[in-house]
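Just so you know, these numbers use all the heavy atoms, side chains as well, and skip hydrogens, waters and symmetry mates.
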Amino acid sequence: MSRPPEDHSDATPEPRLPGDTDGSVASPRPVSPEVRATRPPPVTVLSLIVAAEATALLAAAGWYAIQLITGAPVLSFWGAVFTLALLMSFSAWLYAVAYFLLRGFRWPRAGALVAQLFVLTIGFPTLTGGYIAAGFAMLVPAVIAVVLLFNKRVISFASRAGGAPPAL
């Protein structure tokens with residue numbers, strides 16, 4: 001026997017930004033000028049850093065694909081194809097993180113932190129290995145992004161949950 005649908009009309013609604021209509025995540029709405037005016041600058045800077053890292057990964061994937069097509073020697077062709085797919089997937093994921101962080105959702109903060117920890121893990125050995133410019137090019141934006149992720153204004157802006165109904 002099935003139960004009647006539960007009435008969630010007495011539940012407190014999710015906090016919404018100005019310009020939100022129904023709170024759904026499936027169809028992204030354009031960001032209204034009111035939201036743009038209330039978005040703190042550190043959120044924009046953080047989103048730009050993550051988007052720049054996604055662009056760098058996409059450029060690395062393009063270079064890797066060109067090397068693969070031109071016949072650079074590889075130990076395993078399918079392993080190289082998998083690496084290329086991983087680079088492209090990670091780049092797409094970072095673009096999504098940057099976009100939804102700019103929109104004020106809370107889940108991209110965790111994704112951005114994980115990405116910055118990966119960059120720090122690669123950037124520090126690059127710097128100490130003698131590639132000073134490449135090391136600083138990875139470390140400086142990652143450190144700035146980690147600091148901004150824990151900024152009070154970023155945390156308060158990026159506190160919006162998805163438009164799903166309550167789980168319980």
Side-chain angles (χ1 to χ4, degrees), residues 6-65 84-124 126-127 132-168:
E6 295 181 20
D7 181 23
H8 294 289
S9 60
D10 62 338
T12 57
E14 292 288 331
R16 294 191 179 176
L17 296 172
D20 281 353
T21 54
D22 64 350
S24 67
V25 180
S27 61
R29 295 169 305 281
V31 178
S32 67
E34 297 89 26
V35 172
R36 219 174 281 121
T38 60
R39 181 182 300 129
V43 172
T44 306
V45 171
L46 181 59
S47 293
L48 288 174
I49 288 172
V50 173
E53 290 170 345
T55 304
L57 270 178
L58 197 58
W63 175 79
Y64 195 80
L84 178 63
L86 227 102
L87 285 170
M88 293 171 57
S89 300
F90 194 52
S91 175
W93 175 68
L94 279 179
Y95 278 126
V97 165
Y99 175 74
F100 284 105
L101 186 63
L102 198 61
R103 300 264 326 266
F105 285 89
R106 76 173 89 167
W107 67 264
R109 287 185 58 239
L113 180 62
V114 168
Q116 302 318 309
L117 293 176
F118 284 153
V119 172
L120 289 171
T121 302
I122 295 169
F124 185 72
T126 303
L127 180 69
I132 306 296
F136 276 124
M138 285 186 258
L139 289 176
V140 171
V143 168
I144 292 171
V146 168
V147 169
L148 289 178
L149 279 169
F150 294 101
N151 184 305
K152 189 183 334 180
R153 292 181 290 176
V154 172
I155 293 171
S156 66
F157 179 78
S159 61
R160 183 169 136 191
L168 297 176

[X] [atom1] to [Y] [atom2] distance, which is reported to the nearest 0.5 Å:
X: L101; Y: L148; atom1: CG; atom2: CG; answer: 10.0 Å
X: F157; Y: R103; atom1: CZ; atom2: CZ; answer: 9.5 Å
X: I155; Y: R106; atom1: CD1; atom2: CZ; answer: 12.5 Å

Open item on the list: Strictly distance-based, threshold 3.5 Å: is any side-chain N or O of S91 a donor or acceptor partner for the main-chain N or O of L87?
Closed with: no
- [ ] Decide yes or no on side chain to side chain contact (heavy atoms under 4.5 Å, CB included) for N151 and V147, but give the supporting numbers first.
- [x] CA-CA 7 Å; N151 184 305; V147 169; over 6 Å; no
- [ ] Quick one: closest heavy-atom pair of A142 and V119, and the distance?
- [x] CB-CG1, 3.8 Å
Open item on the list: For L84 versus A61, what's the shortest heavy-atom pair and its separation?
Closed with: CD1-O, 3.2 Å
Partners passing side chain to side chain contact (heavy atoms under 4.5 Å, CB included) against [X] (at least two apart in sequence or in another chain):
X: I132; answer: L127, F136
X: F118; answer: F90, V114
X: L113; answer: L117, V146, L149, F150

- [ ] Determine the interplanar angle of the F100 and F105 rings, folded into 0 to 90°, and report it as parallel if under 30°, tilted if 30 to 60°, perpendicular if over 60°.
- [x]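 Answer is perpendicular, since the angle exceeds 60°.
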Name each donor-acceptor pair under 3.5 Å that joins a side chain in residues 40-60 to protein atoms two or more places apart or in another chain, with its distance.
residue : atom : partner : partner atom : Å
S47     : OG   : V43     : O            : 3.1
S47     : OG   : A98     : O            : 3.3
S47     : OG   : L102    : N            : 3.4
E53     : OE1  : Q116    : NE2          : 2.8
T55     : OG1  : A51     : O            : 2.9
T55     : OG1  : Y95     : OH           : 2.7

